[in-house]
Number of protein chains: 2
Amino acid sequence: MRKDPSRATGRPTLAEVARLAGVAQITASRALRDVPTVDPGLVSKVREAANVLGYVPNPAARTLASARSQSVVVLVPALSNQLYIETLEAIHSVLRPRGYEVLIGNFHYSREEEEELIRNYLAFQPCGILLTGFDRTEASLRLLEANKVPCVHMMELTQAEDVFCVGFSQEDAGAVVARHLLARGKRRLAYVAAQLDARVLQRGEGFKRALAEAGVLDPALEIMVPEASSVGLGGELFGRLLRQHPDVDGIFFCNDDLAHGAIFEAQRQGIAVPDRIAFVGFNDLPMSAHIVPRLTSIRTPREAVGKHAARLMVARLAGAEVPDRTVDLEFELVVRESS
Amino acid sequence: MRKDPSRATGRPTLAEVARLAGVAQITASRALRDVPTVDPGLVSKVREAANVLGYVPNPAARTLASARSQSVVVLVPALSNQLYIETLEAIHSVLRPRGYEVLIGNFHYSREEEEELIRNYLAFQPCGILLTGFDRTEASLRLLEANKVPCVHMMELTQAEDVFCVGFSQEDAGAVVARHLLARGKRRLAYVAAQLDARVLQRGEGFKRALAEAGVLDPALEIMVPEASSVGLGGELFGRLLRQHPDVDGIFFCNDDLAHGAIFEAQRQGIAVPDRIAFVGFNDLPMSAHIVPRLTSIRTPREAVGKHAARLMVARLAGAEVPDRTVDLEFELVVRESS
DNA sequence: CTTCGATAAGACAGCGCTATCTTAAGAGGA
DNA sequence: TCCTCTTAAGATAGCGCTGTCTTATCGAAG
């Protein structure tokens with residue numbers, strides 16, 4: 001059969017499927033890829049032959065021949081963050097059943113690392129890339145541009161033309177939190193943030209803008225540290241803020257982790273939440289609905305972002321007309337006991 | 001240059017590197033792969049040419065020509081579980097710098113789904129597979145066997161010959177928890193578990209074995225539900241247990257999530273932890289060191305498991321002699337306020 | 001009845017790399 | 001000096017697919 005059996009993999013090939021189905025190899029190829037110019041009768045014949053042989057296409061050969069893989073690269077700033085896990089899971093759930101492979105790249109909140117990942121992953125000739133946000137190096141942008149890989153941006157929105165993005169307004173979310181705390185009668189409002197990526201900064205901007213509009217912005221009421229966010233850090237930053245500004249009566253944490261830590265610390269110090277100080281988190285992690293007191297938070301559509309971004313990519317790859325290049329999935333303020 | 005430029009990808013190829021370096025293509029190939037029979041002078045010449053051109057090898061062509069990719073498949077039962085994220089991250093950190101791609105498969109605690117994933121991923125001709133535990137379908141085992149892909153098993157240990165595994169004794173961990181609670185003077189001890197995978201069952205077995213040895217095992221003191229574990233479920237199961245057995249004075253939760261939920265529920269019900277009931281969790285998630293009261297837990301070496309499993313795989317792929325096929329990374333009981 | 005265009009099926013070549021076989025060039029011994 | 005043996009470099013032939021061009025077939029139009 002094969003000229004040099006030592007090189008072969010042992011698995012059935014398209015040629016064998018074609019032979020069994022009694023058609024040319026290329027016809028079998030087209031039949032299995034749903035190319036519309038193949039007679040339905042032949043398609044089912046080929047399908048059956050493939051089934052009988054247990055044929056699974058060789059992705060390497062496919063990629064080499066067509067210069068385009070069936071892989072979608074997803075670049076996220078962290079895996080440790082529960083947030084991105086849910087998004088990734090959603091992306092998987094859309095792409096895998098449609099035959100796409102998902103390659104995950106974690107760039108650890110580093111633009112340089114992201115650039116390196118892009119460079120390396122482009123060698124896989126991915127059919128699309130899902131990116132987090134818009135903040136990346138010039139070189140990254142050039143690479144993506146030069147390789148003409150379809151991109152979809154997640155988590156942030158933009159007005160720019162020809163950019164596909166799925167997310168929500170981080171700034172508006174910050175503003176909503178500010179107005180909520182103001183409505184609760186709080187006036188000494190602080191923003192506590194860690195892991196200062198673009199989105200964390202946007203939330204803070206929105207929060208402070210709303211405070212300024214209400215005439216209660218005190219720029220001193222802010223702690224922003226670049227280190228990674230964690231429960232322990234939340235307690236620490238809360239303690240620090242309280243020592244510096246004992247009169248603070250409301251805090252917006254850039255994510256729930258920090259808020260959880262602050263709740264524990266408040267409990268230890270015997271500080272009444274929300275009476276003396278109200279807390280609001282961000283992301284609405286599962287724990288927030290159960291912690292004592294239950295945490296008010298912004299519920300972010302992170303699963304929906306993944307699903308929509310993946311669907312948008314699939315639509316583009318299928319050549320479909322995509323009416324909405326910008327998908328605003330919105331967020332929701334979930335008011336609970338902590339405010 | 002190329003015969004049919006329309007088919008080309010536009011990126012530099014090995015042939016161009018070889019031309020620039022003034023060697024045959026195959027020599028360039030060998031030089032870049034560190035095949036030892038190439039003159040060091042030529043190696044650096046080729047390396048430089050590759051650098052000048054910005055050459056990145058085409059993985060699809062590589063895989064097709066060698067019938068083996070540089071991808072390692074990792075199959076985990078869940079992504080939602082913090083536990084596996086840390087393991088995955090560790091695996092990534094070892095494999096990616098060495099040029100391996102990591103393909104993640106999530107089988108959602110389903111043996112059938114795992115089998116399907118194995119079938120599909122084998123088409124990628126992975127150079128290795130990292131598996132979670134030992135519980136899988138016959139067909140899965142046969143597929144792995146037939147394709148002769150090196151496997152490393154994570155999270156559990158076995159005495160079987162010729163099986164590479166990295167983990168710790170789940171049973172022993174359960175027993176350690178039991179003895180700890182007994183030493184605290186507790187006698188009405190319960191096991192509360194969800195997501196009943198093999199490891200959760202093993203922990204329970206170890207726990208109950210130790211209780212039986214101490215003569216205090218009450219088989220009624222147990223709640224095991226198959227549904228997914230969550231903070232909310234922990235509170236619920238704790239409430240249920242307390243109604244059925246108001247005299248329970250110590251609970252071992254199969255993971256920290258459940259224990260956190262139970263702590264919140266206890267706080268709401270005004271039940272003193274640990275005085276009336278002591279709690280012990282499993283995994284020692286970051287939050288456990290901060291929750292009020294701080295949670296006693298078993299610290300599992302999940303990051304180390306990933307690192308060691310990946311290193312073991314790398315060593316096998318390099319053809320190195322691996323002295324220890326079984327790596328027991330052990331666990332640690334971290335005693336805190338909740339017991 | 002011929003011509004033409006549309007459509008379906010096939011032939012062919014090549015994607016970019018590596019396994020394998022072959023050749024060339026030294027090293028060493030008789 | 002000749003011959004063998006080792007070792008490095010090269011030539012060749014695919015790996016398993018798909019893009020592209022060609023050919024066959026058929027109905028409609030002239």
Side-chain angles (χ1 to χ4, degrees), chain A residues 1-19 21-43 45-46 50 53-71 99 122-125 127, chain B residues 1-19 21-46 50 53-70 99 122-125 127:
Chain A
M1 293 282 165
R2 282 210 202 68
K3 299 110 196 175
D4 178 1
S6 72
R7 295 284 300 276
T9 56
R11 16 180 93 250
T13 69
L14 187 59
E16 294 167 40
V17 173
R19 203 177 307 134
V23 300
Q25 178 170 324
I26 184 65
T27 303
S29 169
R30 290 200 264 250
L32 293 175
R33 280 180 297 145
D34 290 316
V35 174
T37 66
V38 183
D39 183 90
L42 283 190
V43 170
K45 232 189 210 161
V46 171
L53 294 176
Y55 170 75
V56 182
N58 181 328
R62 253 188 186 179
T63 302
L64 187 59
S66 66
R68 179 122 298 187
S69 74
Q70 288 288 97
S71 300
L122 283 174
F124 286 85
Q125 302 177 126
C127 56
Chain B
M1 295 279 166
R2 282 207 202 69
K3 299 111 198 175
D4 178 2
S6 71
R7 295 284 300 275
T9 57
R11 15 182 93 251
T13 68
L14 187 59
E16 294 167 39
V17 174
R19 204 176 308 135
V23 299
Q25 179 171 324
I26 183 65
T27 303
S29 169
R30 290 200 263 249
L32 293 175
R33 280 180 296 144
D34 290 317
V35 174
T37 65
V38 184
D39 183 89
L42 283 189
V43 170
S44 54
K45 233 190 209 162
V46 171
L53 294 176
Y55 171 76
V56 182
N58 181 328
R62 251 185 189 179
T63 303
L64 187 58
S66 66
R68 178 121 300 185
S69 74
Q70 288 287 98
L122 283 174
F124 286 85
Q125 301 176 126
C127 57

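Bear in mind the structure is a predicted one, so any value in this text is a computation, not a measurement. In the text below, chain A, chain B and the rest are named by the order of the sequence lines, each starting its count at 1.
Following rounding to the nearest Å, B:Phe124 (CZ) and D:dC17 (P) show an atom-to-atom distance of 13 Å. Straight-line distance from the CD atom of B:Gln125 to the P atom of C:dC17: 17 Å, rounded to whole Å. Between B:Arg62 atom CZ and C:dC15 atom P there is a gap of 18 Å when expressed in whole angstrom units. Spacing between atom CD of B:Gln70 and atom P of C:dC17 amounts to 14 Å, rounded to whole angstrom units. If you take CZ of B:Arg68 and P of D:dG14, they are 22 Å apart, rounded to a whole angstrom. Put simply, CD on B:Glu16 is 9 Å from P on C:dC17, counting in whole angstrom units. Protein atom CG of A:Asn58 is 18 Å distant from nucleotide atom P of D:dG14, rounded to whole Å. In this structure, A:Leu64 places its CG atom 12 Å from C1' of D:dG19, rounding to the nearest Å.
To the nearest 0.5 Å, atoms NZ (B:Lys45) and OG1 (B:Thr27) are separated by 11.0 Å. One distance of note links CD of A:Glu16 with CD of A:Gln25; it measures 10.0 Å at 0.5 Å rounding. With rounding to the nearest 0.5 Å, the separation of CG in A:Leu64 from CZ in B:Arg62 is 13.0 Å.
Remark: side-chain polar atoms of A:Arg11 are paired, donor with acceptor, to backbone N or O of B:Leu122 under 3.5 angstrom. With hydrogens and angles ignored, the 3.5 Å screen pairs a side-chain donor or acceptor of B:Ser69 with a backbone N or O of B:Phe124.
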Just the table, please: protein N/O against nucleotides 8-11 of chain D N/O, every pair under 3.5 Å.
residue	atom	partner	partner atom	Å
D:dA9	OP2	B:Thr37	O	3.4
D:dA9	OP2	B:Asp39	N	2.9
D:dG10	OP2	B:Ala24	N	3.1
D:dG10	OP2	B:Thr27	OG1	2.5
D:dG10	N7	B:Arg30	NH2	2.8
D:dG10	O6	B:Arg30	NH2	3.2

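The side chain of A:Thr13 places no N or O atom within less than 4.0 Å of a non-bridging phosphate oxygen (OP1 or OP2) of D:dC15. Within the 4.0 Å cut-off from OP1 or OP2 of D:dC15, not a single side-chain nitrogen or oxygen of A:Arg11 is found.
For the side chain to side chain contact (heavy atoms under 4.5 Å, CB included) criterion with A:Val23, the lone passing option out of A:Leu42, A:Asp39, A:Val38 is A:Leu42.
Across all their heavy atoms, B:Pro59 and B:Pro57 have their closest contact at CD-O, 3.2 Å.
Considering only side-chain atoms of A:Ser29, the nucleotide from C:dT18, D:dG16, D:dT18 that sits closest is D:dT18.
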